[in-house]
Amino acid sequence: MTIPVIDRQQFPAVVRDGDGWRERYDALREAHPYFRVEGDPAVWFTRYDACREILVNGELFWEGGWGQAARQDRAGGWELDPAWDETSAEEGVRRHIALRQALMPKFGPAEATAWEGRMRAVSNELIDRFEAKGEADFVSAFSKAYFPYIGAELLGAPREDWDMLVEWEHEVFKVPAHAASPLLNMNNQAMENIIAYVSDLIEAKRRVPDDRFVSHVLRAQAEGVLTEKEVRWASTIFVLGSGHTVTAHLGYLFRHFADHPDLQTKIAREPESVNVMCEELLRVYSLFGHPRTVTADTEFHGCSLRKGDKVFVFYGIANRDPRAAGFDHVELDRKVNRHLAFNQGWRQCLGMHFARRARNIAVQEWHRRIPSYRLKPGARLVEQVYAGVGYHDLPLVWGG
Amino acid sequence: MATLPRQENGMRIEIDHELCSGSGYCVRVAPEVFELREDKSNLRAGVTLADIDPQRLERAARACPWQAIRLSAGES
C-alpha cells in the first residue's frame, strides 16, 4: 500500500492563536493510519495501537544513540544507531534496561517524594516574585524556570549556574518559525553549551562528589556498571529532559485552566484531584514524540517497512485516537489512563515520577496562592507545536 | 502501592504498582504467570509459583524497565 505524502505546509513548527493544528492532526489520523511529511523519509504512524507497539517493541523499532548521543558530527548529523538488526537491537534493549535500572535509585517514586519539599519551595519562591503584581507571563515568570531549577538541583549544578542552564534549555529546543519541519533540530549553540557544561560538571564531581545525580552515575562508573560514554549520555539527557517537557505541559494546563474557572475552583478546593485531572489534560494536550529505526523488513499494520526505514510517533496524535478505549471523550477523573505521553516500555521517561510530582505540586501551590486568574485580554498566543516550551508566553492576570 | 506479596516454597514475589506502567514485558517473558489488568502487572489467578522455573521469573523481573517486580527468598 502506497504511503501517502502530506504537504509540509500542514506542519508549521510555530503557530499563532492555535491555528487548529491539533484538530488538523486529528483529521490526518482519521484519514491515514500512516503517512509521510513531504520532504522527510520518516513514516508517521497515527493510530494508538500501532504507536504503542512501536514504542514497546525495541527489537524491531530501535532507538539508538544510547551512549553516543553526546555530540553531533561536523556534518550536522547524529551518530548512526549502533544497532542495525533485530539481534543487535535485542541486545541493545537489554543493555538499556539494565542501565536504566542502575539509574533508578535517583528516579523512583520514593525519591520524588523526598523532593516534594523542594518542589513546593521552588514553586513559592517563583510565585513570590510576581503574585503582588496581579499579572505575569506564566512561561517566563514561572514554568520556564520551575522544573529546570529542580532538575539543576537534582543534577548537582551549583546555584549560580541555574539561570544559565534555564536559558540554554529554553534555547536548545526552539525551532525557527519557518522551519521545514515541526520536529527538532538541536544542532545549535545551546546544545554545544550544554554538552560542554555537563563535561565540566562531571570532572568537578569526580574531584568533589556529592549525593546528586552526576555523582551517582560516576559511582556507577567506578563500580563498572556504566561506561564513560554512558555517564556523559545520562548526564546530558538529564539536562535536556529537565528543560522543556514540564514547562510545555504546565503551559498547556494553565491555558486550559484559564479558560475553565470551574477547574480553578475545583483545584483550590480539592488539591488531591490534580493528578488524574492533569494526566488527562496531558493526554489531550500531549507534546513530543519519538522516532525509531526499523531493524528488519516487516509488514506493520498494513504498511510495508524495510530495514533502515524511520518511523515516527507523535504523542499528540496517538493520544487522541478515539479507537483507544475511553479516548473518544475527555474524562478529568479518569482512573486508568493509558496515554503514551511519557513514551512506553523500554524508553519510557525515567523522570516520569518526578515530572508528575513536580507538576502536581506546581498546580496545587499556584492555586493555593492565586486561586482565580484569566488570560490577559487581547493576548495573542504563539506556540511551538512539537516539544520546546509549548507556548512562547502565556500572559495571565488576577485580582482586580 | 504493591500487589500483596505471594510466597511459596522459599520464593516471594511482589509487584510495585506505583512503579509498574504496564509495558507488559513480564507478560511477554512469562505469559503463564503475569497478566495486565487495568494497565498493571498482576499474577494470573491460579498460578502456583512452585511450578514456575525460578530463572523464568528472574528473566521477567529483569525485563521490567521499572524494576517493579521484586523477587526474594521467602519462608518455606
Side-chain angles (χ1 to χ4, degrees), chain A residues 48-49 52-60 63 66 90-113 275-276 279 282-283 324-327 334-357, chain B residues 1-7 10-47 49 52-75:
Chain A
Y48 177 88
D49 284 348
R52 189 176 174 114
E53 207 174 320
I54 288 169
L55 297 178
V56 171
N57 189 345
E59 292 88 350
L60 184 58
E63 181 174 5
W66 172 233
E90 187 180 340
E91 290 172 13
V93 170
R94 266 205 298 270
R95 176 64 185 158
H96 185 91
I97 290 178
L99 291 170
R100 63 184 277 140
Q101 288 172 350
L103 303 179
M104 273 296 293
K106 286 299 184 186
F107 284 107
E111 185 76 5
T113 299
N275 188 51
V276 293
E279 279 300 294
L282 175 58
R283 178 185 75 77
F327 285 9
R334 190 185 298 273
K335 296 295 184 292
V336 179
N337 202 323
R338 303 180 78 231
H339 70 69
L340 304 175
F342 286 109
N343 205 320
Q344 180 52 276
W346 66 294
R347 288 300 297 266
Q348 190 168 48
C349 174
L350 207 52
M352 182 173 78
H353 299 289
F354 265 91
R356 282 179 170 146
R357 205 68 59 88
Chain B
M1 214 185 300
T3 61
L4 291 175
R6 283 270 304 273
Q7 63 182 41
M11 175 173 290
R12 178 188 167 103
I13 183 169
E14 194 170 354
I15 305 170
D16 189 328
H17 279 182
E18 195 170 9
L19 281 171
C20 175
S21 69
S23 63
Y25 292 133
C26 53
V27 177
R28 238 199 225 185
V29 171
E32 75 282 13
V33 179
F34 299 99
E35 64 178 356
L36 292 180
R37 292 200 293 271
E38 293 196 331
D39 225 32
K40 299 290 182 184
S41 174
N42 286 273
L43 294 175
R44 285 190 172 278
V47 162
L49 292 183
I52 310 299
D53 176 2
Q55 288 189 341
R56 200 165 163 77
L57 283 178
E58 284 173 21
R59 277 204 306 278
R62 275 203 308 276
C64 176
W66 288 103
Q67 288 186 295
I69 301 172
R70 297 191 198 109
L71 302 174
S72 57
E75 295 175 4

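Throughout, a chain's letter reflects where its sequence line sits, starting with A, and its residues are numbered from 1.
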Q: Answer yes or no: is there a donor N or O on one side and an acceptor on the other, between the side chain of B/E18 and the main chain of A/G108, under 3.5 Å?
A: no
**Q.** Exam field: side chain A/Q344 to backbone B/S21, donor-acceptor pair closer than 3.5 Å
**A.** yes
Q) Got a second to check how far B/C64's SG is from A/M104's CE, nearest 0.5 Å? A) 8.0 Å
Q.
Quick check: under 4.5 Å, non-hydrogen atoms only, which of residues 27-35 of chain B neighbour chain A?
A. B/R28
Q: Not counting sequence neighbours, which residues clear side chain to side chain contact (heavy atoms under 4.5 Å, CB included) with B/R62? List them please.
A: B/E58, B/R59
Q: Could you tell me whether the side chain of B/W66 reaches within less than 4.5 Å of the side chain of A/L350, counting heavy atoms only?
A: yes
Q) Which pair of non-hydrogen atoms, one from A/W346 and one from B/Y25, has the smallest distance, and what is that distance? A) N-OH, 3.0 Å
Q. Of the non-hydrogen atoms in A/P109 and B/L19, which two are nearest, and what is the gap between them?
A. CD-CD2, 3.3 Å
**Q.** NZ/NE/NH1/NH2 to OD/OE distance under 4.0 Å, B/D39 and A/R52
**A.** yes
Q. Which bit of A/N343 is near chain B, if near means a heavy-atom gap under 4.5 Å: side chain, backbone, both or neither?
A. neither
Q: State, yes or no, whether a side-chain contact exists between A/Q348 and B/S23 at a heavy-atom distance under 4.5 Å.
A: no
